[in-house]
Amino acid sequence: MKISSSNNLEKQHSLARVLIIGATGTVGSQVVKEFDKNDEGVVVRLATSRLEVAKKWRAEGRDAVVLDLNRPETFAEALEGVDRVFLLTGYTSDMLYQSKKFVDASVDAGVSHIVHLGVFTSRRDFIPHFSWHDLVETYIEASGIAWTHLHPNVITDTVFSSIKETNSFAVNWSDMPQGWVFAEDIAAVASAVLREGPDKHGGANYWLSTEVLTGPEIAEILTEASGKEIKCIMSDPSVLEAYVDQITKTSERTYMESAVITMKLARAGQMAPQTVVRDDVLTVLGRPGTTMAEWGRRNL
């Protein structure tokens with residue numbers, strides 16, 4: 001039997017509306033894919049800073065809004081009717097101002113749950129942008145809105161960006177170990193938390209670090225899994241440092257200077273809190289996080 005448009009509208013009003021910030025990014029786009037597979041109990045709204053992208057999504061029948069984190073005046077309209085938010089910010093020091101103003105707007109809009117994508121922090125790290133995430137999370141917790149914090153270790157996709165074309169990947173911390181997690185697992189956790197809501201996940205910190213491996217170990221695993229030679233190009237932080245020196249925008253350079261500090265500490269073996277396995281993919285989804293071998297067999 002065909003359901004009337006009024007019944008459809010009534011059904012939508014009874015569902016939790018979820019706003020996805022960063023819906024075109026490495027993690028956000030994967031969150032969208034997860035909701036395309038399962039949006040039970042929710043209505044999904046996608047946010048972008050580009051009007052042409054919002055128009056394209058609307059033409060596809062999606063709920064889409066323009067939200068520019070550098071323009072707080074865009075927040076209220078984007079948040080209208082929203083119950084839950086997937087919050088992540090760009091790689092600039094502006095993330096502090098962006099997050100603070102967005103949380104304030106979320107309070108005003110009556111948002112009930114913020115799921116924040118942070119970093120694998122010990123809350124005692126000598127890394128500026130890790131401390132910024134700590135401050136953002138503390139502000140979210142003080143807002144009165146229910147919260148869930150996701151703490152991914154090194155997001156493998158950001159290192160493997162050209163591996164399929166070049167059969168190689170690069171690390172800037174020589175042959176030292178790091179904790180790893182794939183964006184698809186972060187997204188699967190985020191979408192589950194957003195669907196299931198604050199009654200189940202409010203006040204939870206989820207730590208996402210599936211394996212601890214060096215670059216050469218990853219290359220060996222992927223070579224065996226894929227049947228083709230995968231190379232790890234090892235360099236030291238000076239390579240990234242030279243790139244950062246060319247960045248002219250202060251907020252972007254400040255963030256990337258913090259990234260250089262991260263690489264230097266990793267190369268010196270001074271990131272012990274981050275070189276651990278803590279797999280809350282299993283906690284949330286009931287299955288372990290994706291391993292390098294599994295990813296290699298599936299993608300290479």
Side-chain angles (χ1 to χ4, degrees), residues 16-32 34-35 42 44-47 67 69-70 72 75 78-79 82-123 125 127-155 158 181 183 185-209 255 258 274 278 280-281 283-285:
R17 187 174 299 277
V18 175
L19 177 67
I20 308 299
I21 295 178
T24 60
T26 300
V27 175
S29 62
Q30 294 283 349
V31 174
V32 175
E34 289 295 325
F35 277 118
V42 298
V44 177
R45 173 177 292 173
L46 308 183
L67 188 155
L69 287 169
N70 289 311
F75 296 172
L79 284 165
V82 167
D83 302 289
R84 303 169 190 169
V85 174
F86 181 60
L87 173 61
L88 74 170
T89 49
Y91 298 129
T92 79
S93 60
D94 293 332
M95 62 174 285
L96 287 165
Y97 177 72
Q98 293 169 349
S99 300
K100 196 269 184 191
K101 298 304 290 181
F102 186 84
V103 171
D104 290 342
S106 297
V107 171
D108 292 341
V111 169
S112 62
H113 190 197
I114 292 177
V115 178
H116 177 253
L117 183 67
V119 292
F120 204 88
T121 172
S122 72
R123 291 201 172 236
D125 302 292
I127 303 170
H129 74 280
F130 277 36
S131 295
W132 302 341
H133 279 288
D134 294 341
L135 292 170
V136 169
E137 288 170 1
T138 300
Y139 193 73
I140 292 171
E141 292 168 17
S143 71
I145 297 174
W147 54 269
T148 306
H149 302 319
L150 308 184
H151 303 281
N153 219 328
V154 178
I155 301 176
T158 61
V181 64
D185 283 339
I186 303 169
V189 169
S191 62
V193 171
L194 287 161
R195 277 196 310 270
E196 295 166 3
D199 288 346
K200 184 172 182 178
H201 299 286
N205 285 278
Y206 293 129
W207 305 89
L208 307 174
S209 183
Y255 189 99
S258 180
Q274 284 74 32
R278 292 184 67 178
D280 279 333
V281 176
T283 305
V284 176
L285 302 179

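For reference, positions follow the sequence shown, starting with 1.
Rounded to the nearest 0.5 Å, atoms CG (L19) and CG (L87) are 9.5 Å apart. To the nearest 0.5 angstrom, D125 atom CG is 7.0 Å from S131 atom OG. Note that CH2 of W132 and CD1 of I127 are 11.5 Å apart. Values are rounded to the nearest 0.5 Å. With values rounded to the nearest 0.5 angstrom, F35 atom CZ is found 10.0 Å from L46 atom CG. Once rounded to the nearest 0.5 Å, the distance linking CD1 of I140 with NE2 of H133 reads 10.5 Å. Summarising the geometry, atom NE2 belonging to H151 is positioned 12.5 Å from atom OG belonging to S209; distances are rounded to the nearest 0.5 Å.
Taking the side chain as every heavy atom from C-beta outward, L208 and D185 never approach each other to under 4.5 Å. Counting heavy atoms from C-beta outward, T24 and S29 have side chains that stay 4.5 Å or more apart. Side-chain contact between P72 and Y97 is present, with heavy atoms from C-beta onward closer than 4.5 Å. Counting only heavy atoms from C-beta outward, the side chains of Y206 and I186 never approach each other to under 4.5 Å. The shortest distance between side-chain heavy atoms of L67 and F102 falls below 4.5 Å.
Under the salt bridge (charged side-chain N to carboxylate O under 4.0 Å, His left out) criterion, R84 pairs with no residue, sequence neighbours left out.
Between Y255 and H129, the ring-plane angle classifies as tilted under the 30° and 60° cut-offs.
Summarising the local packing, OH of Y91 is surrounded by 12 or fewer heavy atoms from other residues, nucleotides or ligands at distances under 6.0 Å.
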#### Entry: Chi angles and distances behind the side chain to side chain contact (heavy atoms under 4.5 Å, CB included) call for V18, V85
CA-CA 6 Å; V18 175; V85 174; over 6 Å; no

### Query
Taking it one step at a time, do V32 and V44 satisfy side chain to side chain contact (heavy atoms under 4.5 Å, CB included)?
CA-CA 8 Å; V32 175; V44 177; 5.9 Å; no

### Task
Determine, stepwise, if the pair F75 / D104 fulfils side chain to side chain contact (heavy atoms under 4.5 Å, CB included).
CA-CA 10 Å; F75 296 172; D104 290 342; over 6 Å; no

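A distance-only check finds a donor-acceptor pair linking the side chain of D280 to the backbone of W207 [under 3.5 Å]. Side-chain N or O atoms of S99 include none that pairs as donor or acceptor with a backbone N or O of L96 at under 3.5 Å. Put simply, the side chain of R45 gets close to the backbone of A78: a donor and an acceptor are under 3.5 Å apart. Remark: the backbone N or O of Q274 is paired with a side-chain donor or acceptor of N153 at under 3.5 angstrom.
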Give every donor-acceptor pair under 3.5 Å between a side-chain atom in residues 191-200 and any protein atom, sequence neighbours left out.
from, atom 1, to, atom 2, distance (Å)
S191, OG, A187, O, 3.1
S191, OG, A188, O, 3.1
R195, NH1, N38, O, 3.2
E196, OE1, K200, NZ, 3.4
E196, OE1, H201, NE2, 2.6

Below 3.5 Å, can you tabulate the donor-acceptor pairs from side chains in residues 107-120 to any protein atom, sequence neighbours excluded?
from, atom 1, to, atom 2, distance (Å)
S112, OG, D83, O, 2.9
H113, NE2, T148, OG1, 2.8
H116, ND1, E137, OE2, 3.3

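Summarising the geometry of A190 relative to F86, their closest heavy-atom pair is CB-CE1, 3.7 Å, with the distance given to 0.1 Å.
Judged purely by distance below 3.5 Å, without hydrogens or angles, the side chains of D134 and Y139 never pair a donor atom with an acceptor atom.
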